[in-house]
Colleague: 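Below is a structure I'd like to ask you about.
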Amino acid sequence: MAITREKRPVAFYFLAAFFALFVLFLYGPMLTIFILSFQGPNGGLTFPMNGFSFHWFVNLFQQQAVGDFGGSFMRSLKLGLIVMVVTVVVSFMAGMAFRRRFRGDTVVFYLAIASLIVPSILISLGIGLLFNIFEIQPHWYSSALGAHLTWTFPFGLLIMFAVFNRFDPSFEEAARDLGASNWQTVRHVVLPMVAPSLIGVAMFSFTLSYDEFARTLMTAGSLNTLPLEIYGMTTNVTTPVLYALGTLTTVFSFVVIGLAFGAVVLLRRRKA
C-alpha cells in the first residue's frame with residue numbers, strides 16, 4: 001500500500017526560504033572572514049584567494065606597525081572576567097533579596113533595568129562626561145567597568161528572577177529542620193540547585209562585556225579594549241591580519257561558550 005505524503009503549505013516554503021536567508025546573512029560574513037584569514041603571504045582583503053597558509057596568524061603575534069592586539073586582548077579578557085564575577089555575585093544576591101517584598105522594591109527593580117532602554121552610546125557618553133567633570137582619568141578598570149555593568153547586571157537580574165520564581169522553598173525549610181544554618185542552606189542547597197543558571201549568567205555577562213563596543217567607546221580611556229582596537233585597525237590595516245584577528249577572537253568566544261556548556265552538563269551529571 002503506497003504511503004501518500006501530506007502536501008506542505010506554501011507558508012512552509014516561504015518560512016524555510018526566509019530562515020535560509022537569515023542564516024546566510026548571519027553566518028555568511030563570518031565564513032568569508034574565516035576563509036580570507038588563511039590567505040597566502042601575498043594575499044589581500046578580497047577574493048580570489050592568493051594561496052593558502054597560516055602566515056597571517058603567525059604575523060598577528062609579531063610586532064605590528066599599527067595596533068596592539070596582545071594588550072587589547074588582555075584588557076578585554078580581564079575586564080570580561082571582572083564583569084562576569086561581579087554580575088554573578090550581585091545578581092545572585094539581588095535574586096535572593098527580591099524573594100521577599102520590601103519597601104521600594106519596585107522602584108529599585110526599575111532603576112536596575114532602566115539602562116536596558118537607554119541607548120548604549122548615551123551611557124558611554126554620560127559616564128565619560130561625569131569622569132571629565134570630576135577630573136578623573138577614565139580607564140578600562142574603572143569607568144568602562146561601570147559602563148559594562150549597566151549592560152550585564154540587568155540581564156543577570158532578570159535571569160535570576162526567573163530562576164527563583166520557580167524555586168521550591170521547601171528544600172530550604174527541610175535543610176533548616178535538619179539543623180542547617182542560613183549559610184549552610186545557601187551553600188549546600190540553594191547554590192547547587194541554581195548553579196547551572198549562574199553559569200549561564202557568567203557566560204552571558206562575559207560575552208556581552210568581551211564584545212561590547214558602544215559602552216566602551218567613551219569610557220576606556222587611552223588604552224583600547226579588543227573591540228575598539230579592531231575598529232581602529234579597520235582604518236589602518238590593509239592585510240588579512242585583521243581577518244586572522246577576527247577568526248581567533250570568534251574561536252575564543254566559542255571556546256568560552258563550550259566550557260560553559262560543559263560545566264552545566266557536568267553539574268547535571270553530578271546532581272543526577
Colleague: Does Met49, at its CE atom, have more than 12 non-hydrogen atoms belonging to other residues, nucleotides or ligands within less than 6.0 Å?
Modeller: yes
Colleague: If hydrophobic residues (ILVMFWY) are linked whenever their side-chain heavy atoms come closer than 4.5 Å, directly or via other members, who joins Phe14 in its cluster?
Modeller: Leu15
Colleague: Is there a side-chain hydrogen bond (donor to acceptor under 3.5 Å, both in side chains) between Ser37 and Thr247 once you walk through the steps?
Modeller: CA-CA 7 Å; Ser37 64; Thr247 300; 3.1 Å; yes
Colleague: Answer whether the closest heavy-atom distance between the side chains of Pro240 and Leu36 falls below 4.5 Å.
Modeller: no
Colleague: Find the distance between CG (Asn224) and CZ (Phe73) and round it off to the nearest 0.5 Å.
Modeller: 15.5 Å
Colleague: Do Leu111 and Val108 belong to the same hydrophobic cluster, where Ile, Leu, Val, Met, Phe, Trp and Tyr are linked whenever their side-chain heavy atoms lie under 4.5 Å apart, directly or via other members?
Modeller: no
Colleague: Out of curiosity, does Ile113 fall in the hydrophobic cluster containing Trp151 (side-chain heavy atoms, cut-off under 4.5 Å, transitive links)?
Modeller: yes
Colleague: Does Ser197 reach the main-chain N or O of Ile159 with its side chain, forming a donor-acceptor pair under 3.5 Å?
Modeller: no
Colleague: Is it the case that atom CZ in Phe47 sees more than 12 heavy atoms from other parts of the structure closer than 6.0 Å?
Modeller: yes
Colleague: Residues two or more places apart in sequence or in another chain: which of them pass salt bridge (charged side-chain N to carboxylate O under 4.0 Å, His left out) with Arg100?
Modeller: none
Colleague: side-chain hydrogen bond (donor to acceptor under 3.5 Å, both in side chains) for Ser72 and Thr225? Distances and angles first, verdict last.
Modeller: CA-CA 5 Å; Ser72 60; Thr225 58; over 6 Å; no
Colleague: Distance check, rounded to the nearest 0.5 Å: Leu245 atom CG versus Leu226 atom CG?
Modeller: 5.5 Å
Colleague: Is there a side-chain contact between Leu157 and Met160 in this structure, where contact means two heavy atoms from C-beta onward sitting under 4.5 Å apart?
Modeller: no
Colleague: Tell me if the centroids of the rings in Phe38 and Tyr243 come within less than 6.0 Å of each other.
Modeller: no
Colleague: Counting C-beta onward and ignoring hydrogens, is there a side-chain heavy-atom pair between Phe92 and Val194 closer than 4.5 Å?
Modeller: yes
Colleague: Let's go through Met30 and Thr250 carefully: what are the C-alpha distance in whole Å and the side-chain angles of both, what is the deciding distance for side-chain contact (heavy atoms from CB on, under 4.5 Å) to 0.1 Å, and is it a yes or a no?
Modeller: CA-CA 9 Å; Met30 187 184 303; Thr250 304; 4.0 Å; yes
Colleague: Begin with the C-alpha distance, continue with both residues' side-chain angles, and end with the deciding distance and a verdict on side-chain contact (heavy atoms from CB on, under 4.5 Å) for Met193 and Phe167.
Modeller: CA-CA 9 Å; Met193 297 184 69; Phe167 191 85; 3.8 Å; yes
Colleague: Where is the tightest heavy-atom contact between Leu149 and Pro154, given as atom of each residue plus distance?
Modeller: O-CD, 3.8 Å
Colleague: Quick one: are the ring centres of Phe98 and Phe102 less than 6.0 Å apart?
Modeller: yes
Colleague: Distance check, rounded to the nearest 0.5 Å: Phe252 atom CZ versus Thr207 atom OG1?
Modeller: 11.0 Å
Colleague: Is there a side-chain contact between Leu116 and Leu158 (heavy atoms, below 4.5 Å)?
Modeller: yes
Colleague: Within a strict 4.5 Å, meaning less than it, do heavy atoms of the Thr219 and Trp140 side chains meet?
Modeller: no
Colleague: Should we count CZ of Phe52 as having more than 12 external heavy atoms under 6.0 Å?
Modeller: yes
Colleague: Give the table of side-chain donor-acceptor pairs shorter than 3.5 Å for residues 183-192, with sequence neighbours excluded, one pair per line with atom names and distance.
Modeller:
{"residue": "Gln184", "atom": "OE1", "partner": "Ser181", "partner atom": "N", "Å": "3.0"}
{"residue": "Gln184", "atom": "OE1", "partner": "Ser181", "partner atom": "OG", "Å": "3.4"}
{"residue": "Thr185", "atom": "OG1", "partner": "Ser181", "partner atom": "O", "Å": "2.8"}

Colleague: Using a 3.5 Å distance criterion without hydrogens, assess whether the side chain of Ser142 forms a donor-acceptor pair with backbone atoms of Pro138.
Modeller: no
Colleague: Do Phe131 and Leu79 land in one hydrophobic cluster if side-chain heavy atoms of ILVMFWY residues count as linked below 4.5 Å?
Modeller: no
Colleague: Rounded to the nearest 0.5 Å, what separation is found between the CG atom of Leu198 and the CE atom of Met203?
Modeller: 12.5 Å
Colleague: What is the minimum heavy-atom distance between Gly80 and Ser209, and which atoms define it?
Modeller: CA-OG, 3.6 Å
Colleague: Does Phe57 reach the side chain of Leu248, with side-chain heavy atoms less than 4.5 Å apart?
Modeller: yes
Colleague: Do Glu212 and Ser76 touch side chain to side chain, with heavy atoms closer than 4.5 Å?
Modeller: no
Colleague: Identify whether Phe109 and Ile117 are in the same connected component of the hydrophobic contact network (ILVMFWY, side-chain heavy atoms under 4.5 Å).
Modeller: no
Colleague: In Å, rounded to the nearest 0.5 Å, how long is the span from CZ of Phe155 to OG of Ser91?
Modeller: 11.5 Å
Colleague: Treating Thr249 as the side-chain partner and Gly246 as the backbone partner, does any N or O pair qualify as donor plus acceptor under 3.5 Å?
Modeller: yes
Colleague: Short question: side chain of Asn132, backbone of Gly128 - any donor-acceptor pair under 3.5 Å?
Modeller: no
Colleague: Please determine whether side-chain contact (heavy atoms from CB on, under 4.5 Å) holds for the pair Leu228 and Phe213, giving the CA-CA distance in whole Å, both sets of side-chain angles, and the decisive distance to 0.1 Å.
Modeller: CA-CA 6 Å; Leu228 296 180; Phe213 174 82; 3.4 Å; yes
Colleague: Roughly how far, to the nearest 0.5 Å, is CG of Leu242 from CH2 of Trp56?
Modeller: 11.5 Å
Colleague: List, by chain and then residue number, the residues other than Val255 in its hydrophobic cluster (Ile/Leu/Val/Met/Phe/Trp/Tyr, side-chain heavy atoms under 4.5 Å); write none if there are no others.
Modeller: Val251, Leu259
Colleague: Check whether any side-chain N or O of Ser205 sits under 3.5 Å from a backbone N or O of Ala202 as a donor-acceptor pair, and report yes or no.
Modeller: yes
Colleague: Can you tell me which residue pairs pass the side chain to side chain donor-acceptor pair (under 3.5 Å) test with a partner in residues 104-117, sequence neighbours excluded?
Modeller: Arg101-Asp105
Colleague: Is any side-chain heavy atom of Phe206 less than 4.5 Å from a side-chain heavy atom of Ile257?
Modeller: no
Colleague: Report the C-alpha distance between Tyr141 and Arg75 in whole Å, list the side-chain angles of each, state the deciding distance to 0.1 Å, and finish with yes or no for side-chain contact (heavy atoms from CB on, under 4.5 Å).
Modeller: CA-CA 9 Å; Tyr141 52 80; Arg75 283 188 287 273; over 6 Å; no
Colleague: Does a donor on one side chain sit under 3.5 Å from an acceptor on the other, for Ser120 and Arg215?
Modeller: yes
Colleague: Ignoring hydrogens, what is the shortest heavy-atom contact between Ala263 and Ile199? Give both atom names and the distance.
Modeller: CB-CD1, 3.7 Å
Colleague: List, by chain and then residue number, the residues other than Leu129 in its hydrophobic cluster (Ile/Leu/Val/Met/Phe/Trp/Tyr, side-chain heavy atoms under 4.5 Å); write none if there are no others.
Modeller: Leu125
Colleague: Taking a hydrophobic cluster as the set of Ile, Leu, Val, Met, Phe, Trp and Tyr residues connected by side-chain heavy atoms closer than 4.5 Å, whether directly or through intermediates, do Met218 and Leu145 fall within one such cluster?
Modeller: no
Colleague: Determine the minimum heavy-atom distance between Ser124 and Ala214, stating which atoms define it.
Modeller: CB-O, 3.1 Å
